[in-house]
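Here's the structure, in structure tokens; my notes come after.
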2 protein chains.
Amino acid sequence: MEGTPLGDGPTINTIAERAGVSIASVSRVLNGLPTRRETERKVLAAAEELGYVRNAVARSLKSRRTHQVAFAMADIGNPAYLAMLREIQPVLKAAGYRLVLHSTDAVVADEIDVLHSLGERYVDGLIMSPLRVTDAHLESLAAARTPVVVIGSVPEGTRADNVRADSRTGVRLAVDHLHALGRRRIAMVNGPLDTVPGAARGAAYREALEELGLPYDDDLVQIGDFYRAEGARAVAELLARVPDVDALMCANDLIALGALDVLRASGRRVPDDVAVVGMDDTDLAAASWPSLTSVSLGSAERGKAAAELLLQRLRGDDSAPRLVTVPPRLVVRASTAGNRADGPYDRKEGGV
Amino acid sequence: MEGTPLGDGPTINTIAERAGVSIASVSRVLNGLPTRRETERKVLAAAEELGYVRNAVARSLKSRRTHQVAFAMADIGNPAYLAMLREIQPVLKAAGYRLVLHSTDAVVADEIDVLHSLGERYVDGLIMSPLRVTDAHLESLAAARTPVVVIGSVPEGTRADNVRADSRTGVRLAVDHLHALGRRRIAMVNGPLDTVPGAARGAAYREALEELGLPYDDDLVQIGDFYRAEGARAVAELLARVPDVDALMCANDLIALGALDVLRASGRRVPDDVAVVGMDDTDLAAASWPSLTSVSLGSAERGKAAAELLLQRLRGDDSAPRLVTVPPRLVVRASTAGNRADGPYDRKEGGV
DNA sequence: TTGTATGCGTTATCAC
DNA sequence: GTGATAACGCATACAA
């Protein structure tokens, strides 16, 4: 195969000419429709010689299907979304769909843009995971002419499939676990309360304490942001205010890693002095030392479920919107149970 | 905005009818071409009422541009590729391109498929990062009618822009560092030698020792695979064979994490007894404890450079193929220098 | 079985 | 300035 000179590629017209048949015959052969042996031979030979490849755009215009699906994540830097992505990709690929990625940086306008752009029909469906769901989201969702699966919570009645985590139960699992270990001064290190996860996890913490009969203490709640450095700063403040805290319920793994840094720097042992729990069970939880007990909210499962739901819609299923809730799971590691197995090998991790 | 009944969306024909003008006028207005005030008003009103959105497929067929770019990574589970992705995405987005993701699982046939599928013209360009470059790659690359940027090494004369890491210098930096710390029994824990990185890093290790005047000792080289569990297994074997090793040069971060696990389990202190260096400087390196000294091969920079190179091509630049080499950088953390700053906050990490 | 002709939704080139 | 009309590349209903 010598270096093909750039320029316009061959079309079915080129082939038709070369093979001495009509474009209809070319199309038929290429689509496996019944044709005479000789015609088929000529067409395939011409196609081969010319290095013909079907133009996906023209084909989409005709068929009204692009074989593309979009995934809109709030933040491409967030390992939790990447975990979803890792599951979504192979499912779609196996079904013959390409994946178009959008990172909206949790900007509402960007998310609305993505929904609006569905009208451009460059994808057959969308999976989206918004950080918060506004009225604008719901309007655009209602107007969408393309199947959409939302990872996160949407109000009942929304015309979109919905895959949810259950962070309420998740926090409960964690707090119960800490309580069972004998911890009684369990603090909460949360992210901003105006985000969906922040609000949900904060409320769940309060509920969990209540059910355990533990008093709720404002001093034990520290708001920061969902990043490692912010988490560290928040925990430093917390320790200054409440030195005798014996457990930290962190609203995500990054915060928890920041917590480990600060606890270590302050000379506290984990978990002996302070037990730490994160959320999302990202790769980082298994990598840290001590390895981090974390509440898995099923990022991977949610991604997979969303992809499968969407595929069903793409196959023509137009039944009522579905709701899938993925149960949380507490993954106990060293940060709450020092002498238990670390379990760093229980997750698939990429190589090279 | 009431729930729009599903069905075919409006086209410029619908608008033309509604506005009482021709489709040509509609197109003009929509494209900002000079039109009478009144026409413009009618068209825009109709478009607004109908909730019109341009059909991207039809537009692409006509314009021969899809405003999509593909990124083909060897393994979506690998943090190093995700680091590239995180840089590529915003660059393309800012330039108005969508990102189509392919994970080829390092299967050569899949990679060739991706190259071949460029002929379908569903993307305007491609960034790919193959684990190895075969003749089949080069042939498909030569036949490509679309700009391609390869992250990795391609032979001179290949008609594709090329962004390279310099793992040779990278290994050298690491080995020099270990040597400077007084280590003399420096082992290499590598991945398979039939991969490009495996081969390059293995050779570089040998070279580095030579330049330092250290003897090369087969016993100090252990081949495993580029995963954490494999790395752990390899290091266990190594320790059994060479108990007095005082430094480990690991071919990537995952291997290094596995090494930390095993060293810890064997009662060795890091870095006091054994210093450990990883490669790729992934997020995991900063998260682990002790935090991991790692050679950054500039995954992020390479991704960014690749995206920018591709954008230049998409803007029409058809000059000779470019070669960009990103210099490696040693990021010293606790696994080789116990009392230095951990620096866990020097990298941007995702939140929530 | 095969060819002719039409449409998918846009953009662009003409005359008017 | 505006309206017919012809592509873009493919699939297909219909006629032959």
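Scope of the values below: all heavy atoms of this structure, side chains included, with no hydrogens, waters or symmetry mates. Below, chains carry the letters A, B, ... as their sequence lines are ordered, and counting in each starts from 1.
The distance between atom CD of A:E120 and atom C1' of C:dT10, rounded to the nearest whole Å, is 13 Å. If you measure from atom CZ of B:R65 to atom C1' of C:dT10, you get 16 Å, rounded to the nearest angstrom. Between the CD atom of A:E40 and the P atom of C:dT1 there is a distance of 12 Å, rounded to whole Å. As rounded to whole Å, 8 Å separates atom P of D:dC10 from atom CG of A:N13. Atom CG of A:N55 is separated from atom P of D:dA7 by 18 Å (rounded to the nearest Å). Look at CG on A:L61: it is 18 Å from P on C:dT6, rounded to the nearest Å. The nearest whole Å value for the distance from the CD1 atom in A:I12 to the C1' atom in C:dG7 is 14 Å. Taking atom CG of residue B:L33 and atom P of nucleotide C:dT13, one finds them 11 Å apart after rounding to whole Å.
Not a single donor-acceptor pair, N or O on each side, falls under 3.5 Å between the base of C:dA12 and the side chain of B:K62. Side-chain to base pairing of B:R28 with D:dG3: one donor and one acceptor N or O lie within less than 3.5 Å of each other. One cannot find a donor-acceptor pair under 3.5 Å joining the base of D:dG9 and the side-chain atoms of B:R64.
The side chain of A:T35 lies closest to C:dT2 when the candidates are D:dT12, C:dT2, C:dT10. For A:A24, the listed nucleotide lying nearest its side chain is C:dG3; candidates were D:dA4, C:dG3, D:dC10. Checking C:dC8, D:dC10, D:dT5 against every side-chain atom of B:I23, the shortest atom distance belongs to D:dT5.
Here the shortest heavy-atom pairing between A:G303 and A:I151 reads CA-CD1, 4.3 Å.
The phosphate of D:dG3 has OP1 or OP2 within less than 4.0 Å of a side-chain N or O from B:S22. For the pair A:Y122 and C:dG9, the criterion of a side-chain N or O lying under 4.0 Å from OP1 or OP2 is not met. Within the 4.0 Å cut-off from OP1 or OP2 of D:dT2, at least one side-chain nitrogen or oxygen of B:R36 is found.
Looking at B:D124, its side chain never comes within 3.5 Å of a backbone N or O of B:V69 through a donor-acceptor pair. In this structure, the side chain of A:R59 does not engage the main chain of A:T66 through any donor-acceptor pair within 3.5 Å.
As judged by a 4.0 angstrom heavy-atom cut-off over every strand, A:V26 is placed among residues making no nucleic acid contact. At the heavy-atom level, B:V57 lies nowhere under 4.0 Å from the strands shown. Within 4.0 Å (heavy atoms only), B:N31 reaches sugar-phosphate atoms of the nucleic acid but no base atom. B:L30 comes within 4.0 angstrom of nothing in the nucleic acid, heavy atoms only. Within 4.0 Å (heavy atoms only), B:S25 reaches sugar-phosphate atoms of the nucleic acid but no base atom.
Along DNA chain D, the nucleotide nearest to B:G20 and the one nearest to B:S63 differ in position, and the one closer to the 5' end is contacted by B:G20.
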Check against side chain to side chain contact (heavy atoms under 4.5 Å, CB included), A:V21 and A:R28
CA-CA 11 Å; A:V21 299; A:R28 280 188 212 103; over 6 Å; no
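A:S153 has its side chain within reach of A:R164: a pair of non-hydrogen atoms, C-beta onward, lies under 4.5 Å apart. At a threshold of 4.5 Å between non-hydrogen side-chain atoms, the residues B:D110 and A:K93 count as touching.
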